[in-house]
Amino acid sequence: MDSSTALDATPRGTGAPAGGKDEKTSRRELNKQATRAAIIEASVRLLSENGMGNFTAEDLADAVGISRRTFFNYFPSPEAALAATVQNFLDGAIEEFRKRPLEEPLLDSAIAAVTSLVEPGALSRMARVCLLTENQPQVQRWQLMAWEEASYKLSAVAVERLGTEADPFFVKTMVGAIIGAGKSAMEFWLEHQLPRDGNVADTDSAALRVLITQALQYLRNGFA
């Protein structure tokens with residue numbers, strides 16, 4: 001979603017070198033990650049305060065303290081920045097899935113990944129954005145791309161766990177079922193979530209986590 005040509009935000013000093021090449025690269029990457037996170041946070045805040053369509057890329061850049069050009073090095077539009085909340089949540093879940101024991105059944109690992117996510121803010125930010133943009137086609141288009149990208153990433157992790165000899169049809173079917181269960185839980189939550197003003201409390205995002213877990217449990221148990 002975000003551009004791979006993000007600007008080098010590392011401060012440039014006039015003194016002695018701060019470290020070796022690896023240290024500089026690590027610091028540069030951390031700066032990029034911090035800037036990206038700040039843009040996403042600002043997009044959610046402006047969405048909550050102003051509503052969709054009432055802030056621009058320039059407004060986001062000003063809120064973060066960066067130039068308009070720098071903003072576009074990370075995201076092509078405010079809609080893409082908002083949809084990155086979905087990408088962040090899914091990336092976090094996939095990383096937790098990757099850490100699960102290799103001998104654990106895939107669906108058990110998927111359930112454990114969702115329940116063990118340690119950054120609750122990622123879920124509440126995603127929930128708030130989805131509530132406030134459910135009738136916004138541009139944001140939904142980017143969100144759909146995030147789900148599709150998650151399918152590719154999850155497939156890669158599944159192959160890592162199962163080995164290169166894994167049946168590709170099995171992997172595709174399993175990953176499609178896991179992603180579908182997650183999307184169904186999100187859609188159900190959106191249909192029944194009140195109030196619809198985007199003020200998502202901890203209990204609201206916790207309810208979404210429960211629904212995602214329950215959908216995966218249905219899948220694991222053969223919908224018994």
Side-chain angles (χ1 to χ4, degrees), residues 1-13 18 24-95 117-150 153 186 189-190 193-206 208-209:
M1 279 192 162
D2 53 320
S3 173
S4 60
T5 59
L7 229 67
D8 179 358
T10 306
R12 301 182 185 276
K24 291 180 180 179
T25 300
S26 177
R27 193 164 64 245
R28 185 162 55 242
E29 287 304 316
L30 288 174
N31 285 336
K32 290 179 180 180
Q33 292 171 17
T35 299
R36 182 179 186 276
I39 293 172
I40 295 171
E41 187 69 29
S43 72
V44 177
R45 184 174 70 253
L46 290 178
L47 174 68
S48 300
E49 294 173 354
N50 302 339
M52 193 67 236
N54 295 319
F55 61 95
T56 64
E58 287 83 357
D59 294 328
L60 275 174
D62 289 343
V64 179
I66 59 176
S67 69
R68 181 176 182 273
R69 178 181 177 183
T70 299
F71 169 84
F72 285 117
N73 280 324
Y74 286 88
F75 297 103
S77 67
E79 291 83 0
L82 288 168
T85 56
V86 175
Q87 181 188 23
N88 284 356
F89 172 76
L90 293 174
D91 282 349
I94 291 170
E95 183 56 31
L117 283 171
V118 295
E119 212 282 270
L123 180 59
S124 61
R125 282 190 292 273
M126 178 184 73
R128 185 181 308 166
V129 169
C130 288
L131 270 177
L132 292 175
T133 62
E134 60 179 326
N135 296 316
Q136 300 293 329
Q138 288 299 318
V139 180
Q140 290 180 343
R141 180 173 67 87
W142 285 103
Q143 290 171 343
L144 180 60
M145 290 173 62
W147 283 100
E148 291 175 348
E149 183 178 344
K153 292 178 179 178
M186 171 63 77
W189 184 83
L190 285 170
Q193 174 65 29
L194 291 172
R196 309 196 66 78
D197 57 2
N199 293 321
V200 179
D202 290 341
T203 52
D204 299 322
S205 57
L208 174 56
R209 187 194 297 262

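Values reported hereafter were calculated over all heavy atoms of this structure, with side chains retained and with hydrogens, waters and symmetry mates removed.
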Which pair of non-hydrogen atoms, one from Ala61 and one from Phe71, has the smallest distance, and what is that distance? CB-CB, 4.3 Å
Which atom pair, heavy atoms only, marks the closest approach of Pro78 to Ala57? CG-N, 3.7 Å
Could you please spell out the steps behind the side chain to side chain contact (heavy atoms under 4.5 Å, CB included) verdict for Glu79 and Gln140? CA-CA 9 Å; Glu79 291 83 0; Gln140 290 180 343; over 6 Å; no
Donor on one side chain, acceptor on other, Thr56 and Asp59, under 3.5 Å: yes
To the nearest 0.5 Å, tell me how far Arg128 CZ sits from Arg45 CZ. 11.0 Å
To the nearest 0.5 Å, atom CD1 of Ile39 lies from atom OG1 of Thr70 at 8.0 Å
Once you round to the nearest 0.5 Å, how far does SG of Cys130 lie from CZ of Phe89? 10.0 Å
Closest non-hydrogen atoms of Ala127 and Leu208, given as atom of the first, atom of the second and distance, are CB-CD2, 4.1 Å
Could you check whether any side-chain heavy atom of Leu60 comes within less than 4.5 Å of a side-chain heavy atom of Phe75, counting everything from C-beta outward? no
With distance as the sole criterion, is a donor-acceptor pair present between the side chains of Arg36 and Asn73 under 3.5 Å? no
Heavy-atom closest contact (Ala83 atom, Val139 atom, distance): CB-O, 4.0 Å
How long is the gap from CD on Gln143 to OG1 on Thr85, to the nearest 0.5 Å? 6.5 Å
Nearest atoms (heavy-atom pairs only) where Leu82 meets Val129: O-CG1, 3.7 Å
With a 4.5 Å limit on heavy-atom distance, are the side chains of Gln87 and Trp142 in contact? no
For the residue pair Leu30 and Gln33, establish whether any side-chain heavy-atom pair is separated by less than 4.5 Å. yes
Rounded at 0.5 Å granularity, tell me how far CG in Leu190 sits from CG in Leu131. 5.5 Å
Can you check whether Met52 reaches Leu47 side chain to side chain, under 4.5 Å on heavy atoms? yes
Least distance between heavy atoms, Val86 atom then Ala146 atom: CG1-CB, 4.0 Å
Which is it for Gln138 and Ser77 under the side chain to side chain contact (heavy atoms under 4.5 Å, CB included) test, yes or no, and what are the steps along the way? CA-CA 10 Å; Gln138 288 299 318; Ser77 67; over 6 Å; no
Does Arg125 pair with Glu41 as a salt bridge, N-O distance under 4.0 Å? yes
Going through the distances and angles, do Leu90 and Glu149 end up as a side chain to side chain contact (heavy atoms under 4.5 Å, CB included)? CA-CA 9 Å; Leu90 293 174; Glu149 183 178 344; over 6 Å; no
Rounded to the nearest 0.5 Å, what separates atom CE in Met186 from atom CD in Glu134? 11.0 Å
